[in-house]
Visitor: 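One structure coming up, written as C-alpha coordinates, with questions to follow.
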Amino acid sequence: MPRDSFQAELSALRSAVVDLGETVVERLRQAAQALADNDREQARYVLEHDHEINERYLELEADCIDLFTLQQPVAGDLRFVAASFKILTDLERVGDLAMNLGGYVTGMSDEFVPRADLVAIGELVADQVEAAVAAYENEDPEACHDVAERDDEVDGLCERAAEVLLRDLVDRAPRGTQLETLLEEVFQLLLTIRDLERIGDHAVNIAARTLYMVESDDALLY
Amino acid sequence: MSNAVDTERDTDTELTEAPSGKRTTGESDETVEEAWTDYRFDGDAKLDVENLDVWYGDEHALKDVSMEIPEESVTALIGPSGCGKSTYLRCLNRMNDRIKSARVEGSVKLDDTEIYDPNANLVELRKRVGMVFQSPNPFPKSIRENVSYGPRKHGDIEKGLLARLFGRDDTEEEYDLVEQSLKQAALWEEVSDRLEDNALGLSGGQQQRLCIARCLAVGPEVILMDEPASALDPIATSKIEDLVEDLAEDYTVVIVTHNMQQAARISDQTAVFLTGGELVEYDDTDKIFENPESQRVEDYITGKFG
(Lines give C-alpha, C1' and ligand atoms only; values in the text may rest on other atoms or scores of the structure.)
Protein backbone atom coordinates (compact mmCIF):
# COMPACT_ATOMS: atom_id res chain seq x y z
CA MET A 1 0.00 0.00 0.00
CA PRO A 2 1.41 3.44 -0.90
CA ARG A 3 1.84 6.09 1.80
CA ASP A 4 3.13 3.55 4.31
CA SER A 5 4.69 6.12 6.62
CA PHE A 6 1.47 8.12 6.66
CA GLN A 7 -0.54 5.01 7.55
CA ALA A 8 1.98 4.29 10.32
CA GLU A 9 1.51 7.83 11.66
CA LEU A 10 -2.26 7.37 11.68
CA SER A 11 -2.03 4.16 13.64
CA ALA A 12 0.45 5.76 16.07
CA LEU A 13 -2.05 8.57 16.63
CA ARG A 14 -4.79 6.05 17.33
CA SER A 15 -2.65 4.25 19.94
CA ALA A 16 -1.65 7.53 21.56
CA VAL A 17 -5.26 8.73 21.86
CA VAL A 18 -6.26 5.38 23.36
CA ASP A 19 -3.34 5.58 25.84
CA LEU A 20 -4.39 9.06 26.90
CA GLY A 21 -7.97 7.80 27.25
CA GLU A 22 -6.80 4.99 29.50
CA THR A 23 -4.81 7.40 31.69
CA VAL A 24 -7.83 9.70 32.00
CA VAL A 25 -10.12 6.82 32.96
CA GLU A 26 -7.58 5.66 35.53
CA ARG A 27 -7.45 9.16 37.11
CA LEU A 28 -11.20 9.30 37.16
CA ARG A 29 -11.40 5.94 38.93
CA GLN A 30 -8.75 7.09 41.41
CA ALA A 31 -10.78 10.23 42.15
CA ALA A 32 -13.98 8.20 42.59
CA GLN A 33 -12.14 5.79 44.88
CA ALA A 34 -10.72 8.71 46.88
CA LEU A 35 -14.28 9.95 47.31
CA ALA A 36 -15.46 6.52 48.44
CA ASP A 37 -12.64 6.10 50.94
CA ASN A 38 -12.37 9.78 51.88
CA ASP A 39 -8.73 9.29 50.93
CA ARG A 40 -7.19 12.76 50.72
CA GLU A 41 -3.80 11.49 49.66
CA GLN A 42 -5.22 9.67 46.65
CA ALA A 43 -7.22 12.80 45.79
CA ARG A 44 -4.08 14.94 45.95
CA TYR A 45 -2.34 12.51 43.62
CA VAL A 46 -5.07 13.09 41.05
CA LEU A 47 -4.74 16.86 41.48
CA GLU A 48 -1.00 16.86 41.18
CA HIS A 49 -0.83 14.69 38.07
CA ASP A 50 -3.39 16.49 35.91
CA HIS A 51 -0.63 18.50 34.23
CA GLU A 52 0.67 15.27 32.65
CA ILE A 53 -2.64 14.81 30.88
CA ASN A 54 -2.63 18.42 29.73
CA GLU A 55 0.89 18.18 28.35
CA ARG A 56 0.20 14.94 26.50
CA TYR A 57 -3.02 16.44 25.13
CA LEU A 58 -1.11 19.43 23.71
CA GLU A 59 1.51 17.16 22.14
CA LEU A 60 -1.11 15.04 20.43
CA GLU A 61 -3.04 18.09 19.29
CA ALA A 62 0.18 19.31 17.65
CA ASP A 63 0.59 15.88 16.01
CA CYS A 64 -2.90 16.19 14.52
CA ILE A 65 -2.12 19.66 13.17
CA ASP A 66 1.09 18.30 11.62
CA LEU A 67 -0.88 15.54 9.94
CA PHE A 68 -3.40 18.05 8.57
CA THR A 69 -0.64 20.29 7.27
CA LEU A 70 1.88 17.81 5.97
CA GLN A 71 -0.28 14.92 4.81
CA GLN A 72 -3.46 16.78 3.90
CA PRO A 73 -5.67 13.79 4.69
CA VAL A 74 -8.97 13.33 2.88
CA ALA A 75 -12.05 11.11 3.18
CA GLY A 76 -11.73 8.38 5.85
CA ASP A 77 -8.26 9.55 6.86
CA LEU A 78 -9.55 13.10 7.25
CA ARG A 79 -12.48 11.94 9.36
CA PHE A 80 -10.12 9.92 11.52
CA VAL A 81 -7.71 12.79 12.21
CA ALA A 82 -10.56 15.28 12.71
CA ALA A 83 -12.37 12.92 15.10
CA SER A 84 -9.16 12.24 17.04
CA PHE A 85 -8.50 15.98 17.30
CA LYS A 86 -11.96 16.55 18.83
CA ILE A 87 -11.81 13.46 21.06
CA LEU A 88 -8.52 14.63 22.54
CA THR A 89 -10.25 17.79 23.76
CA ASP A 90 -12.99 15.72 25.40
CA LEU A 91 -10.40 13.53 27.12
CA GLU A 92 -8.51 16.56 28.42
CA ARG A 93 -11.77 17.97 29.81
CA VAL A 94 -12.57 14.66 31.52
CA GLY A 95 -9.11 14.87 33.10
CA ASP A 96 -9.95 18.35 34.41
CA LEU A 97 -13.25 17.16 35.83
CA ALA A 98 -11.53 14.19 37.52
CA MET A 99 -9.21 16.76 39.05
CA ASN A 100 -12.22 18.77 40.27
CA LEU A 101 -13.52 15.62 41.92
CA GLY A 102 -10.15 15.17 43.63
CA GLY A 103 -10.29 18.81 44.70
CA TYR A 104 -13.69 18.25 46.24
CA VAL A 105 -12.39 15.26 48.22
CA THR A 106 -9.43 17.20 49.61
CA GLY A 107 -11.76 19.99 50.78
CA MET A 108 -14.70 18.01 52.16
CA SER A 109 -15.42 17.89 55.90
CA ASP A 110 -15.53 14.69 57.87
CA GLU A 111 -18.86 15.45 59.54
CA PHE A 112 -21.22 15.76 56.62
CA VAL A 113 -21.89 12.47 54.92
CA PRO A 114 -24.31 12.87 52.03
CA ARG A 115 -26.83 10.17 51.38
CA ALA A 116 -26.45 10.58 47.59
CA ASP A 117 -24.24 7.88 46.12
CA LEU A 118 -21.70 9.88 44.15
CA VAL A 119 -19.21 7.04 44.10
CA ALA A 120 -21.56 4.90 42.02
CA ILE A 121 -22.05 7.74 39.56
CA GLY A 122 -18.29 8.27 39.41
CA GLU A 123 -17.78 4.63 38.54
CA LEU A 124 -20.54 4.68 35.95
CA VAL A 125 -19.11 7.71 34.12
CA ALA A 126 -15.64 6.15 34.24
CA ASP A 127 -17.17 3.06 32.57
CA GLN A 128 -18.78 5.29 29.98
CA VAL A 129 -15.52 7.05 29.08
CA GLU A 130 -13.76 3.68 28.96
CA ALA A 131 -16.43 2.27 26.65
CA ALA A 132 -16.26 5.33 24.38
CA VAL A 133 -12.48 5.07 24.09
CA ALA A 134 -12.80 1.35 23.32
CA ALA A 135 -15.41 2.14 20.63
CA TYR A 136 -12.91 4.57 19.09
CA GLU A 137 -10.09 2.03 19.29
CA ASN A 138 -12.16 -0.76 17.73
CA GLU A 139 -14.13 1.49 15.36
CA ASP A 140 -17.30 -0.04 16.75
CA PRO A 141 -20.48 1.86 15.79
CA GLU A 142 -22.71 -0.30 17.97
CA ALA A 143 -20.66 0.51 21.05
CA CYS A 144 -21.02 4.23 20.19
CA HIS A 145 -24.80 3.91 20.27
CA ASP A 146 -24.59 2.00 23.58
CA VAL A 147 -22.63 4.82 25.19
CA ALA A 148 -25.16 7.38 23.97
CA GLU A 149 -28.06 5.32 25.30
CA ARG A 150 -26.51 4.78 28.68
CA ASP A 151 -26.06 8.49 29.15
CA ASP A 152 -29.75 8.72 30.10
CA GLU A 153 -28.89 6.54 33.07
CA VAL A 154 -26.10 8.93 34.07
CA ASP A 155 -28.42 11.93 33.74
CA GLY A 156 -31.13 10.21 35.79
CA LEU A 157 -28.70 9.28 38.58
CA CYS A 158 -27.29 12.80 38.70
CA GLU A 159 -30.73 14.34 38.90
CA ARG A 160 -31.76 11.99 41.70
CA ALA A 161 -28.52 12.62 43.57
CA ALA A 162 -29.13 16.38 43.49
CA GLU A 163 -32.65 15.84 44.76
CA VAL A 164 -31.49 13.59 47.62
CA LEU A 165 -28.90 16.13 48.54
CA LEU A 166 -31.36 19.01 48.75
CA ARG A 167 -33.77 16.89 50.78
CA ASP A 168 -30.85 16.15 53.10
CA LEU A 169 -30.29 19.83 53.47
CA VAL A 170 -33.90 20.49 54.40
CA ASP A 171 -34.05 17.52 56.80
CA ARG A 172 -30.87 18.30 58.62
CA ALA A 173 -30.94 22.07 58.39
CA PRO A 174 -29.39 23.49 61.55
CA ARG A 175 -29.21 27.21 62.43
CA GLY A 176 -26.51 29.93 62.37
CA THR A 177 -22.94 29.29 61.25
CA GLN A 178 -23.55 25.57 60.99
CA LEU A 179 -26.12 26.23 58.28
CA GLU A 180 -23.62 28.24 56.29
CA THR A 181 -21.09 25.43 56.44
CA LEU A 182 -23.72 22.94 55.41
CA LEU A 183 -24.82 25.14 52.53
CA GLU A 184 -21.23 25.39 51.34
CA GLU A 185 -20.93 21.57 51.49
CA VAL A 186 -24.12 21.10 49.56
CA PHE A 187 -23.13 23.69 46.99
CA GLN A 188 -19.80 21.91 46.38
CA LEU A 189 -21.60 18.61 46.07
CA LEU A 190 -24.04 20.00 43.53
CA LEU A 191 -21.11 21.24 41.46
CA THR A 192 -19.55 17.81 41.72
CA ILE A 193 -22.72 16.16 40.52
CA ARG A 194 -22.78 18.56 37.59
CA ASP A 195 -19.15 17.66 36.83
CA LEU A 196 -19.96 13.95 36.84
CA GLU A 197 -22.88 14.54 34.51
CA ARG A 198 -20.55 16.44 32.20
CA ILE A 199 -18.06 13.58 32.16
CA GLY A 200 -20.94 11.47 30.88
CA ASP A 201 -21.54 14.05 28.15
CA HIS A 202 -17.89 13.95 27.11
CA ALA A 203 -18.12 10.17 26.82
CA VAL A 204 -21.08 10.68 24.47
CA ASN A 205 -19.10 13.26 22.48
CA ILE A 206 -16.29 10.74 22.01
CA ALA A 207 -18.80 8.12 20.89
CA ALA A 208 -20.47 10.62 18.51
CA ARG A 209 -17.16 11.61 16.86
CA THR A 210 -16.20 7.95 16.58
CA LEU A 211 -19.48 7.05 14.94
CA TYR A 212 -19.01 9.81 12.37
CA MET A 213 -15.43 8.72 11.81
CA VAL A 214 -16.38 5.10 11.19
CA GLU A 215 -19.71 5.31 9.42
CA SER A 216 -20.04 8.96 8.36
CA ASP A 217 -23.13 8.86 10.57
CA ASP A 218 -23.74 12.15 12.36
CA ALA A 219 -26.75 10.85 14.33
CA LEU A 220 -25.10 11.25 17.73
CA LEU A 221 -23.59 14.66 17.01
CA TYR A 222 -26.95 16.39 17.35
CA MET B 1 -30.27 6.32 -25.95
CA SER B 2 -33.10 8.36 -27.39
CA ASN B 3 -30.95 11.44 -27.77
CA ALA B 4 -27.87 9.66 -28.94
CA VAL B 5 -26.15 11.00 -31.99
CA ASP B 6 -23.12 9.15 -33.24
CA THR B 7 -20.23 10.45 -35.21
CA GLU B 8 -19.58 7.08 -36.79
CA ARG B 9 -22.44 4.93 -35.74
CA ASP B 10 -21.97 1.36 -34.69
CA THR B 11 -25.15 0.16 -33.09
CA ASP B 12 -24.39 -3.28 -31.76
CA THR B 13 -23.95 -1.94 -28.23
CA GLU B 14 -27.04 -1.46 -26.15
CA LEU B 15 -26.72 0.25 -22.82
CA THR B 16 -29.40 -0.16 -20.24
CA GLU B 17 -29.75 1.83 -17.08
CA ALA B 18 -30.81 0.06 -13.92
CA PRO B 19 -32.22 1.88 -10.89
CA SER B 20 -30.12 3.09 -7.94
CA GLY B 21 -27.24 4.20 -10.09
CA LYS B 22 -26.14 0.68 -10.82
CA ARG B 23 -25.42 0.10 -14.45
CA THR B 24 -25.05 -2.95 -16.50
CA THR B 25 -23.88 -3.23 -20.05
CA GLY B 26 -26.03 -5.47 -22.21
CA GLU B 27 -23.04 -6.00 -24.46
CA SER B 28 -21.06 -8.26 -22.13
CA ASP B 29 -23.47 -9.05 -19.32
CA GLU B 30 -20.73 -7.81 -17.04
CA THR B 31 -22.02 -5.93 -14.00
CA VAL B 32 -20.27 -2.63 -13.46
CA GLU B 33 -19.53 -1.89 -9.82
CA GLU B 34 -21.81 0.54 -8.11
CA ALA B 35 -21.45 4.19 -9.06
CA TRP B 36 -22.78 7.36 -7.46
CA THR B 37 -23.30 9.76 -10.30
CA ASP B 38 -26.83 10.97 -9.76
CA TYR B 39 -25.70 14.41 -8.61
CA ARG B 40 -28.42 16.93 -7.84
CA PHE B 41 -27.66 20.63 -7.73
CA ASP B 42 -29.49 23.93 -7.50
CA GLY B 43 -29.64 26.07 -10.61
CA ASP B 44 -29.41 25.22 -14.28
CA ALA B 45 -27.23 22.78 -16.15
CA LYS B 46 -24.96 24.29 -18.79
CA LEU B 47 -23.92 20.96 -20.24
CA ASP B 48 -25.93 17.78 -20.18
CA VAL B 49 -24.00 14.65 -21.09
CA GLU B 50 -25.94 11.43 -21.52
CA ASN B 51 -24.63 7.91 -22.03
CA LEU B 52 -21.37 9.04 -23.54
CA ASP B 53 -19.07 6.31 -24.86
CA VAL B 54 -15.75 6.85 -26.57
CA TRP B 55 -13.57 4.30 -28.34
CA TYR B 56 -10.05 4.78 -29.67
CA GLY B 57 -9.98 1.97 -32.19
CA ASP B 58 -10.89 -1.10 -30.13
CA GLU B 59 -10.12 0.54 -26.81
CA HIS B 60 -13.24 1.55 -24.92
CA ALA B 61 -11.88 4.73 -23.31
CA LEU B 62 -15.03 6.17 -21.79
CA LYS B 63 -17.95 4.04 -20.67
CA ASP B 64 -21.53 5.22 -20.49
CA VAL B 65 -20.88 8.52 -18.76
CA SER B 66 -23.87 10.67 -17.87
CA MET B 67 -23.45 13.90 -15.96
CA GLU B 68 -24.95 17.35 -15.88
CA ILE B 69 -22.57 20.27 -15.39
CA PRO B 70 -24.05 23.27 -13.59
CA GLU B 71 -23.53 26.71 -15.12
CA GLU B 72 -21.27 29.36 -13.62
CA SER B 73 -19.35 26.98 -11.40
CA VAL B 74 -16.12 24.99 -11.38
CA THR B 75 -16.38 21.28 -12.07
CA ALA B 76 -13.21 19.28 -11.44
CA LEU B 77 -12.48 15.97 -13.15
CA ILE B 78 -10.01 13.79 -11.26
CA GLY B 79 -8.72 10.25 -11.58
CA PRO B 80 -5.60 8.26 -12.34
CA SER B 81 -3.83 8.43 -15.70
CA GLY B 82 -5.76 6.72 -18.44
CA CYS B 83 -9.11 6.94 -16.65
CA GLY B 84 -10.75 8.91 -19.46
CA LYS B 85 -11.04 12.33 -17.82
CA SER B 86 -9.20 14.18 -20.60
CA THR B 87 -11.11 12.18 -23.18
CA TYR B 88 -14.32 13.28 -21.50
CA LEU B 89 -13.16 16.91 -21.45
CA ARG B 90 -12.32 16.80 -25.13
CA CYS B 91 -15.79 15.49 -25.92
CA LEU B 92 -17.30 18.69 -24.58
CA ASN B 93 -16.11 20.75 -27.57
CA ARG B 94 -15.64 17.85 -29.98
CA MET B 95 -11.86 17.99 -29.91
CA ASN B 96 -11.93 14.19 -30.21
CA ASP B 97 -13.21 14.64 -33.75
CA ARG B 98 -9.64 15.53 -34.62
CA ILE B 99 -8.41 12.10 -33.54
CA LYS B 100 -8.95 9.76 -36.47
CA SER B 101 -9.47 6.54 -34.52
CA ALA B 102 -11.86 8.11 -32.02
CA ARG B 103 -15.53 7.14 -32.13
CA VAL B 104 -18.05 8.90 -29.91
CA GLU B 105 -21.55 7.74 -29.04
CA GLY B 106 -24.04 9.45 -26.83
CA SER B 107 -25.36 12.92 -26.35
CA VAL B 108 -23.82 16.18 -25.19
CA LYS B 109 -26.12 19.16 -24.98
CA LEU B 110 -24.87 22.71 -24.56
CA ASP B 111 -27.88 24.50 -23.14
CA ASP B 112 -30.45 22.70 -25.27
CA THR B 113 -28.37 22.25 -28.39
CA GLU B 114 -27.00 18.83 -29.27
CA ILE B 115 -23.33 19.39 -30.10
CA TYR B 116 -23.00 15.99 -31.78
CA ASP B 117 -25.74 16.87 -34.25
CA PRO B 118 -24.28 16.18 -37.71
CA ASN B 119 -25.23 19.71 -38.70
CA ALA B 120 -23.62 21.32 -35.66
CA ASN B 121 -21.40 24.30 -36.46
CA LEU B 122 -18.01 23.38 -35.01
CA VAL B 123 -16.56 26.88 -35.29
CA GLU B 124 -19.49 28.27 -33.34
CA LEU B 125 -19.22 25.41 -30.82
CA ARG B 126 -15.54 26.00 -30.12
CA LYS B 127 -16.23 29.72 -29.81
CA ARG B 128 -18.80 28.97 -27.09
CA VAL B 129 -16.69 26.25 -25.48
CA GLY B 130 -13.08 27.41 -25.21
CA MET B 131 -10.09 25.37 -24.15
CA VAL B 132 -6.87 25.95 -22.22
CA PHE B 133 -4.16 23.29 -22.36
CA GLN B 134 -1.57 21.87 -19.99
CA SER B 135 1.43 23.68 -21.48
CA PRO B 136 1.00 27.33 -22.31
CA ASN B 137 0.90 27.59 -26.09
CA PRO B 138 0.92 31.26 -27.10
CA PHE B 139 1.46 32.11 -30.76
CA PRO B 140 4.89 33.55 -31.59
CA LYS B 141 3.27 36.94 -31.99
CA SER B 142 2.81 40.03 -29.85
CA ILE B 143 0.77 39.90 -26.66
CA ARG B 144 -1.89 42.04 -28.32
CA GLU B 145 -2.09 39.84 -31.40
CA ASN B 146 -2.37 36.71 -29.29
CA VAL B 147 -5.44 38.05 -27.52
CA SER B 148 -7.18 39.48 -30.58
CA TYR B 149 -6.29 36.54 -32.84
CA GLY B 150 -9.59 34.72 -32.32
CA PRO B 151 -11.92 37.70 -32.81
CA ARG B 152 -9.97 38.70 -35.94
CA LYS B 153 -10.31 35.18 -37.34
CA HIS B 154 -14.00 35.16 -36.54
CA GLY B 155 -14.33 38.56 -38.26
CA ASP B 156 -15.48 40.28 -35.10
CA ILE B 157 -12.56 42.66 -35.42
CA GLU B 158 -11.46 44.11 -38.74
CA LYS B 159 -8.39 46.24 -39.14
CA GLY B 160 -5.51 46.84 -41.45
CA LEU B 161 -5.33 48.29 -44.94
CA LEU B 162 -8.08 46.18 -46.47
CA ALA B 163 -10.50 46.92 -43.66
CA ARG B 164 -9.78 50.65 -43.95
CA LEU B 165 -10.45 50.50 -47.69
CA PHE B 166 -13.88 49.18 -46.86
CA GLY B 167 -14.35 51.96 -44.36
CA ARG B 168 -13.87 49.91 -41.23
CA ASP B 169 -11.11 50.14 -38.66
CA ASP B 170 -11.61 48.38 -35.35
CA THR B 171 -8.23 49.35 -33.86
CA GLU B 172 -9.95 50.96 -30.91
CA GLU B 173 -12.32 48.03 -30.40
CA GLU B 174 -9.37 45.70 -30.55
CA TYR B 175 -7.54 47.66 -27.88
CA ASP B 176 -10.60 47.64 -25.64
CA LEU B 177 -11.06 43.91 -26.11
CA VAL B 178 -7.39 43.19 -25.42
CA GLU B 179 -7.49 45.30 -22.27
CA GLN B 180 -10.72 43.74 -21.04
CA SER B 181 -9.56 40.17 -21.71
CA LEU B 182 -6.17 40.69 -20.11
CA LYS B 183 -7.84 42.25 -17.08
CA GLN B 184 -10.20 39.29 -16.78
CA ALA B 185 -7.21 36.97 -16.98
CA ALA B 186 -5.46 38.98 -14.23
CA LEU B 187 -2.55 39.76 -16.54
CA TRP B 188 -3.22 43.38 -17.57
CA GLU B 189 -1.18 45.05 -14.84
CA GLU B 190 1.89 42.99 -15.67
CA VAL B 191 1.85 43.57 -19.45
CA SER B 192 -0.08 46.79 -20.14
CA ASP B 193 3.11 48.68 -21.01
CA ARG B 194 4.46 46.05 -23.41
CA LEU B 195 1.54 44.82 -25.47
CA GLU B 196 3.66 44.77 -28.61
CA ASP B 197 6.33 42.51 -27.06
CA ASN B 198 6.53 38.93 -28.24
CA ALA B 199 4.38 36.68 -26.03
CA LEU B 200 7.13 34.06 -25.89
CA GLY B 201 9.12 36.46 -23.68
CA LEU B 202 6.58 36.08 -20.87
CA SER B 203 7.08 33.68 -17.97
CA GLY B 204 5.28 30.32 -18.03
CA GLY B 205 2.59 31.50 -15.62
CA GLN B 206 2.06 34.71 -17.61
CA GLN B 207 1.88 32.73 -20.84
CA GLN B 208 -0.81 30.52 -19.37
CA ARG B 209 -2.85 33.54 -18.26
CA LEU B 210 -2.33 34.97 -21.77
CA CYS B 211 -3.79 31.76 -23.19
CA ILE B 212 -6.75 32.19 -20.87
CA ALA B 213 -7.13 35.80 -22.05
CA ARG B 214 -6.97 34.58 -25.65
CA CYS B 215 -9.71 32.10 -24.86
CA LEU B 216 -11.85 34.77 -23.14
CA ALA B 217 -11.49 37.26 -26.01
CA VAL B 218 -13.67 35.07 -28.23
CA GLY B 219 -16.51 35.33 -25.73
CA PRO B 220 -16.96 31.73 -24.59
CA GLU B 221 -19.61 30.45 -22.21
CA VAL B 222 -17.73 27.34 -21.12
CA ILE B 223 -13.98 27.10 -20.48
CA LEU B 224 -12.36 23.67 -20.55
CA MET B 225 -9.00 23.42 -18.81
CA ASP B 226 -6.73 20.38 -19.12
CA GLU B 227 -4.29 20.53 -16.20
CA PRO B 228 -3.71 24.24 -16.72
CA ALA B 229 -1.30 24.64 -13.80
CA SER B 230 0.65 21.40 -13.85
CA ALA B 231 3.61 22.98 -15.62
CA LEU B 232 3.71 26.02 -13.33
CA ASP B 233 5.44 26.90 -10.06
CA PRO B 234 3.37 27.32 -6.85
CA ILE B 235 3.02 31.12 -7.16
CA ALA B 236 1.90 30.95 -10.78
CA THR B 237 -0.37 28.04 -9.83
CA SER B 238 -2.09 30.03 -7.11
CA LYS B 239 -2.67 32.89 -9.57
CA ILE B 240 -4.33 30.46 -11.99
CA GLU B 241 -6.40 29.00 -9.15
CA ASP B 242 -7.59 32.46 -8.05
CA LEU B 243 -8.39 33.22 -11.66
CA VAL B 244 -10.41 30.02 -12.10
CA GLU B 245 -12.52 30.88 -9.08
CA ASP B 246 -13.13 34.41 -10.40
CA LEU B 247 -14.00 33.13 -13.86
CA ALA B 248 -16.67 30.85 -12.41
CA GLU B 249 -18.73 33.95 -11.59
CA ASP B 250 -19.41 34.43 -15.29
CA TYR B 251 -18.36 31.22 -16.99
CA THR B 252 -18.83 27.49 -16.62
CA VAL B 253 -15.39 26.04 -15.95
CA VAL B 254 -14.54 22.35 -16.33
CA ILE B 255 -11.03 21.49 -15.20
CA VAL B 256 -9.01 18.29 -15.36
CA THR B 257 -6.35 18.12 -12.67
CA HIS B 258 -3.96 15.55 -11.23
CA ASN B 259 -3.58 17.69 -8.13
CA MET B 260 -6.35 16.61 -5.79
CA GLN B 261 -5.72 19.45 -3.36
CA GLN B 262 -6.19 21.81 -6.28
CA ALA B 263 -9.52 20.20 -7.12
CA ALA B 264 -10.50 20.44 -3.45
CA ARG B 265 -9.52 24.12 -3.26
CA ILE B 266 -11.11 25.52 -6.37
CA SER B 267 -13.99 23.34 -7.53
CA ASP B 268 -17.64 23.35 -6.56
CA GLN B 269 -18.25 19.80 -7.68
CA THR B 270 -15.92 16.94 -8.44
CA ALA B 271 -16.28 13.97 -10.75
CA VAL B 272 -14.03 10.98 -10.07
CA PHE B 273 -13.14 8.76 -13.03
CA LEU B 274 -11.37 5.49 -12.38
CA THR B 275 -9.38 3.15 -14.56
CA GLY B 276 -11.34 1.82 -17.48
CA GLY B 277 -13.14 5.05 -18.33
CA GLU B 278 -15.82 4.85 -15.68
CA LEU B 279 -17.33 7.81 -13.88
CA VAL B 280 -17.59 6.38 -10.38
CA GLU B 281 -18.73 9.29 -8.24
CA TYR B 282 -19.89 12.83 -8.91
CA ASP B 283 -20.93 15.15 -6.11
CA ASP B 284 -20.24 18.37 -4.24
CA THR B 285 -16.48 18.70 -3.79
CA ASP B 286 -16.64 18.72 0.03
CA LYS B 287 -18.68 15.54 -0.02
CA ILE B 288 -16.16 13.79 -2.28
CA PHE B 289 -13.17 14.76 -0.15
CA GLU B 290 -14.74 14.34 3.28
CA ASN B 291 -17.08 11.47 2.85
CA PRO B 292 -17.16 9.70 -0.52
CA GLU B 293 -19.72 6.94 -1.06
CA SER B 294 -17.53 4.69 -3.16
CA GLN B 295 -14.81 2.64 -1.47
CA ARG B 296 -12.79 2.78 -4.69
CA VAL B 297 -12.97 6.58 -4.68
CA GLU B 298 -11.97 6.59 -1.00
CA ASP B 299 -8.97 4.38 -1.78
CA TYR B 300 -7.97 6.53 -4.72
CA ILE B 301 -8.16 9.92 -3.00
CA THR B 302 -6.50 8.73 0.20
CA GLY B 303 -3.63 7.42 -1.90
CA LYS B 304 -4.19 3.76 -1.12
CA PHE B 305 -3.92 2.96 -4.80
CA GLY B 306 -3.29 4.72 -8.09
Side-chain angles (χ1 to χ4, degrees), chain A residues 1-15 17 63-89 135-136 138-142 144-145 205-222, chain B residues 21 33-37 39 74 76-83 85 229-230 234 237-238 241 257-275 279-306:
Chain A
M1 189 191 293
R3 301 193 80 182
D4 283 338
S5 71
F6 173 50
Q7 293 303 325
E9 283 181 66
L10 293 181
S11 84
L13 175 64
R14 185 189 310 266
S15 307
V17 172
D63 287 350
C64 289
I65 290 172
D66 283 351
L67 283 169
F68 281 130
T69 316
L70 303 178
Q71 300 288 354
Q72 303 175 359
V74 293
D77 296 340
L78 172 67
R79 294 200 307 277
F80 168 71
V81 181
S84 303
F85 188 72
K86 292 289 290 180
I87 287 169
L88 283 167
T89 312
Y136 165 83
N138 305 322
E139 303 202 337
D140 181 349
E142 218 166 291
C144 296
H145 284 291
N205 286 351
I206 294 169
R209 295 287 163 191
T210 300
L211 185 65
Y212 184 72
M213 171 182 103
V214 181
E215 301 233 299
S216 310
D217 179 353
D218 58 7
L220 298 181
L221 288 174
Y222 297 101
Chain B
E33 280 188 67
E34 206 166 353
W36 287 264
T37 58
Y39 174 55
V74 181
L77 312 178
I78 63 170
S81 297
C83 69
K85 56 191 187 301
S230 63
T237 297
S238 63
E241 290 183 3
T257 175
H258 269 300
N259 179 337
M260 281 190 273
Q261 259 63 42
Q262 181 173 72
R265 283 193 295 269
I266 63 175
S267 71
D268 300 293
Q269 52 277 330
T270 297
V272 187
F273 290 76
L274 292 180
T275 311
L279 172 62
V280 178
E281 192 162 345
Y282 177 38
D283 212 321
D284 288 329
T285 295
D286 55 356
K287 169 85 170 108
I288 294 283
F289 286 100
E290 286 167 23
N291 188 9
E293 297 290 339
S294 159
Q295 186 60 44
R296 289 187 296 156
V297 169
E298 165 104 22
D299 289 347
Y300 174 66
I301 64 175
T302 56
K304 295 192 179 78
F305 86 85

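Below, chains carry the letters A, B, ... as their sequence lines are ordered, and counting in each starts from 1.
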Visitor: Quick one: which residues of residues 70-77 of chain A reach chain B at under 4.5 angstrom, heavy atoms only?
Guide: A:Gln72, A:Val74, A:Ala75, A:Gly76, A:Asp77
Visitor: Quick one: list whatever passes salt bridge (Lys or Arg N to Asp or Glu O under 4.0 Å) with B:Glu290, sequence neighbours left out.
Guide: none
Visitor: Should we count NZ of A:Lys86 as having more than 12 external heavy atoms under 6.0 Å?
Guide: no
Visitor: Once you round to the nearest 0.5 Å, how far does CZ of A:Phe6 lie from OG1 of B:Thr302?
Guide: 8.0 Å
